[in-house]
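Only this structure's heavy atoms are used, side chains among them; waters, hydrogens and symmetry mates stay out. The model shown is predicted, which means the values in this text are computed figures rather than measured ones. For ligands, and for the atoms within them, numbers begin at 1 and follow the listed sequence.
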Amino acid sequence: MEMSAVLYQELNFVCINPRQQQGPGQMQALVLGFQPSRVLNLKAMHDTNVSAVISESSKQRVPHVLSVAGSDSGAGAGIQADLKTCAARGVYCSTVVTAVTAQNTVGVQGVNIVPERFVSEQLKSVLSDMHVTVVKTGMLPTVGIVEVLYDSLKQFPVQALVVDPVMVSTSGDVLAGPSILDIFREQLLPMADIVTPNLKEASALLGGIKLQTVSDMRSAAKSIHEMGPRNVLVKGGDLPAASDAVDIFFDGLEFFELRSLRIQTQNSHGTGCTLASCIAAELAKGSQMLPAVRAAKHYVETALDYSKDIHIGNGLQGPFDHLCKLKTNVQNSSRLQRFDPDDLLLYAVTDSKMNSKWGRSITDAVKAAIEGGATIVQLREKDTETSNFLEEARKCLEVCRSHGVPMLINDRVDIALACDADGVHVGQSDMPAHVARSLLGPKKIIGVSCKTREHAHQAWVDGADYIGSGGVYSTNTKANNSTIGLDGLKTVCLASKLPVVAIGGIGLSNAGSVAEIGLENLKGVAVVSALFDRECIRSEARKLHTLVSQTMKTSAVTC
Ligand SMILES: Nc1ncnc2c1ncn2[C@@H]1O[C@H](COP(=O)(O)OP(=O)(O)O)[C@@H](O)[C@H]1O
Ligand SMILES: Cc1ncc(COP(=O)(O)O)c(N)n1
Ligand SMILES: [Mg+2]
């Protein structure tokens, strides 16, 4: 069973229709992290026929999102935004139109609701034939339409359901009235893998309470989670006086505060639809939930930034350009976000020997690590020739950028400069951090390996952004590396104000002990073999992410 799970995952989710592949479908659902109860109708897997799974791979089914939403004639939001988002993310998108709106940059001038029997007919046409991976919902204007959707999903189960509970447009026009709230709470939310209300929608779901602060958003996410969805994202695009765009993600156990720069623009019509369809697209490609949400937030930020000055229409709510990446080399432009110490939580460090041992490219390994939950990546390629390294670094950077994950280069400042990586990590015998800083400039991230108080102090003086401290335990990825143990790690943490990531021999068996030392500036663990010397990088990353984030949270409370 375990073996099949591993093999199935490495096939990159080719078999995506659980109705036709009940055994492997169940397996895939588990690997993707969706609870079997959500993947309706699936039978327990007793005897996975691995060869059948492999032959399925030759069919090359594409990841497919079905958008069940309203049409926006101005094409900034609704079905049109979903189609463009999925296209931009390389995912097929089919559509079931629930309403046709006459809408522009001024507001919504009219709404024509599609009769529920015809919504049902559209759902049947698509779901009975087209191997949908993920359903994303937007404007669901009547109780009857929610009912037919619920029935269709029971009849034709999919791997995940993303619910954007659209009620009011950015312009303030009502798209679905309060009459749908009960059925949302009772039927749709308990079935959802994630629900993504904005402030007004979260307030409506909770009976009209006021939501004005990030702390209110946390309480709202918790209360909405009690209605049954597996994950909740309360979006803070409309948070008053917020300098960052802050969203709160809650998976029932942990809260994550997802921040990005707030782009100064009027062209923010359709951000919610775009965010939800991008989450759906990333899930359809095999991503875990939190990395999918992070990637979607980064995509919205990048597209808003690219489109901040475009001018379409005379109203206050302009559309933005979802396909900006096709027009310029936006994906290779610099990261927008500042360095966030919380990015150190699960720090993946690559190793060329391990990748060749398992027959993987660096890019595939990095992609799997990110999809499993790695929050920052360092390319540490000691045996790769410079030209190959640069080529791979460019490919990896594309993957990292599209997920909003920072990518650093170990030691090689030249490679970091040549590919415009987000920064470097230097050891005590590499280029001094202050020299790297003067070459890379103030915006890049610089990390320094430190074993002692003195190293930590020097890193601060040199203008480093974080410290990598270790080896905490012994490791065979670094020859002649002395270990400092948990005590040495504590000494370094206490000696510095810089955020610290622990490194050296850390894996599932001991990451918990590291994370529970409970010092405020210990922000995460860096792992090499525990990810890249494993058959299934994605599932190892997922397990490590859960372990480290939960342990850190508990220790932070008790300290
Ligand atoms: N000006 C902005 N700059 C950057 N991100 C933004 C901006 N406005 C909204 N967002 C982000 O867009 C996403 C959609 O949020 P929001 O606008 O609140 O939803 P909705 O469109 O449903 O009202 C969220 O991730 C939010 O943080
Ligand atoms: C058909 C349709 N669906 C959804 C929205 C919400 O988008 P926004 O909140 O950005 O106005 C919209 N305006 N129109
Ligand atoms: Mg908005």
Side-chain angles (χ1 to χ4, degrees), residues 67-83 85 95-114 136-141 163-176 194-204 211 214 217 220 233-240 242-249 256-279 292-308 315-320 322 336-337 404:
S67 158
V68 182
S71 158
D72 168 7
S73 53
I79 287 275
Q80 289 82 354
D82 296 348
L83 280 166
T85 302
T95 56
V96 164
V97 182
T98 57
V100 181
T101 68
Q103 194 172 169
N104 57 20
T105 61
V106 179
V108 181
Q109 291 78 42
V111 175
N112 202 332
I113 295 174
V114 175
K136 176 257 161 185
T137 69
M139 177 178 178
L140 301 174
V163 173
D164 182 16
V166 170
M167 287 175 201
V168 185
S169 72
T170 315
S171 53
D173 299 283
V174 174
L175 298 169
I194 185 165
V195 58
T196 62
N198 63 19
L199 291 182
K200 282 187 205 131
E201 291 151 357
S203 161
L211 299 176
V214 172
M217 288 165 69
L233 183 76
V234 177
K235 300 172 294 189
D238 298 327
L239 203 62
S243 56
D244 284 346
V246 192
D247 300 346
I248 296 293
F249 176 81
F256 292 87
E257 212 171 285
L258 308 178
R259 285 180 180 270
S260 69
L261 294 180
R262 179 175 288 276
I263 309 299
Q264 297 308 319
T265 179
Q266 287 199 341
N267 299 325
S268 61
H269 172 55
T271 43
C273 308
T274 304
L275 186 86
S277 49
C278 189
I279 294 171
V293 173
R294 284 188 200 277
K297 185 153 175 60
H298 181 70
Y299 170 63
V300 169
E301 184 195 12
T302 310
L304 285 179
D305 186 56
Y306 176 78
S307 319
K308 58 180 182 281
L316 290 177
Q317 302 296 334
F320 58 94
H322 295 81
L336 289 164
Q337 280 164 288

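- For ligand 2, the atoms lying closer than 4.0 Å to a non-hydrogen atom of Val166 are 4 (C).
- In this structure Ser67 satisfies the side-chain hydrogen bond (donor to acceptor under 3.5 Å, both in side chains) test together with Asp82, sequence neighbours excluded.
- Atoms of ligand 1 found under 4.0 Å from any heavy atom of Asp247, numbered from 1 in the order shown, are 24 (C), 25 (O), 26 (C), 27 (O).
- For the pair Thr265/Phe320, no side-chain contact is recorded, criterion being any heavy-atom separation below 4.5 Å from C-beta on.
- At a 3.5 angstrom cut-off on N or O pairs, Ser268 does not count as close to ligand 1.
- Residue contacts with ligand 2: Ser268 is placed with no nitrogen or oxygen under 3.5 Å of a nitrogen or oxygen of the ligand (distance criterion only).
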#### Entry: Worked verdict on Leu239 versus Met217 for side chain to side chain contact (heavy atoms under 4.5 Å, CB included)
CA-CA 10 Å; Leu239 203 62; Met217 288 165 69; 3.7 Å; yes
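- For the atom pair CG of Leu304 and OG of Ser268, the computed distance is 7.0 Å after rounding to the nearest 0.5 Å.
- At least one donor-acceptor pair closer than 3.5 Å links the side chain of Arg262 to the backbone N or O of Gly237.
- In terms of polar-atom proximity, Arg262 is not counted as a contact of ligand 1, lacking any N or O under 3.5 Å from an N or O of the ligand.
- In terms of polar-atom proximity, Glu301 is not counted as a contact of ligand 1, lacking any N or O under 3.5 Å from an N or O of the ligand.
- Every atom of ligand 1 is numbered from 1 in the order shown, and the set under 4.0 Å from a heavy atom of Val300 is 12 (O).
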### Message
Before you tell me yes or no, could you show the steps for Thr105 and His269 under side-chain hydrogen bond (donor to acceptor under 3.5 Å, both in side chains), namely the whole-Å CA-CA distance, both residues' side-chain angles and the distance that decides it to 0.1 Å?
### Response
CA-CA 8 Å; Thr105 61; His269 172 55; over 6 Å; no
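- Expressed to the nearest 0.5 Å, how far CD of Glu201 lies from CG of Leu211 amounts to 11.5 Å.
- Within the 4.0 Å heavy-atom criterion, both parts of Ser169, backbone and side chain, lie near ligand 2.
- Checking only distances, Gly70 never comes within under 3.5 Å of ligand 2, N or O to N or O.
- Contacts with ligand 1 closer than 4.0 Å are made by side-chain heavy atoms of Leu304 only, the backbone lying farther away.
- Lys235 NZ to Leu258 CG: the interatomic distance, rounded to the nearest 0.5 Å, is 13.0 Å.
- Considering backbone and side-chain N/O atoms, Asn198 comes within less than 3.5 Å of an N/O atom of ligand 1.
- Inclusion of Val246 in the set of residues having an N or O under 3.5 Å from an N or O of ligand 1 is not warranted.
- The residue among Ala245, Ala296, Gly272, Ala81 with a heavy atom at the shortest distance from atom 5 (N) of ligand 1 is Ala245.
- Residue Leu275 has no nitrogen or oxygen atom sitting less than 3.5 Å from a nitrogen or oxygen atom of ligand 1, judged on distance alone.
- The proximity of Gln317 to ligand 2, defined as any non-hydrogen pair under 4.0 Å, does not occur for either the backbone or the side chain.
- In this structure the side chain of Thr101 never reaches within 4.5 angstrom of the side chain of Asp173, judged on heavy atoms.
- Using a 4.0 Å heavy-atom cutoff, Leu261 is listed among the residues neighbouring ligand 1.
- Checked by atom type and distance alone, the side chain of Ser169 pairs as donor or acceptor with a backbone atom of Ser171 at under 3.5 Å.
- Residue contacts with ligand 2 include Cys273, since one or more of its heavy atoms lies under 4.0 Å from the ligand.
- For atom 12 (C) of ligand 2, the choice among Asp164, Leu175, Asp72 with the nearest heavy atom turns out to be Leu175.
- Side-chain contact between Thr271 and Leu275 is absent, with no heavy atoms from C-beta onward closer than 4.5 Å.
- Distances from ligand 2 to the non-hydrogen atoms of Gly270 include at least one value under 4.0 Å.
- Interatomic distance, CG of Asn267 versus CD of Gln317, reported as 9.0 Å (0.5 Å rounding).
- Residue Ser71 places a heavy atom under 4.0 Å from ligand 2.
- In this structure, of Pro197, Gly237, Ala77, the residue bringing a heavy atom nearest to atom 9 (C) of ligand 1 is Gly237.
- Close N/O approach between Lys235 and ligand 1 is found [any backbone or side-chain N/O within under 3.5 Å].
- With sequence neighbours excluded, the residues forming a ring-ring contact (aromatic ring centres under 6.0 Å, His included) with Phe256 are His545, listed by chain and number.
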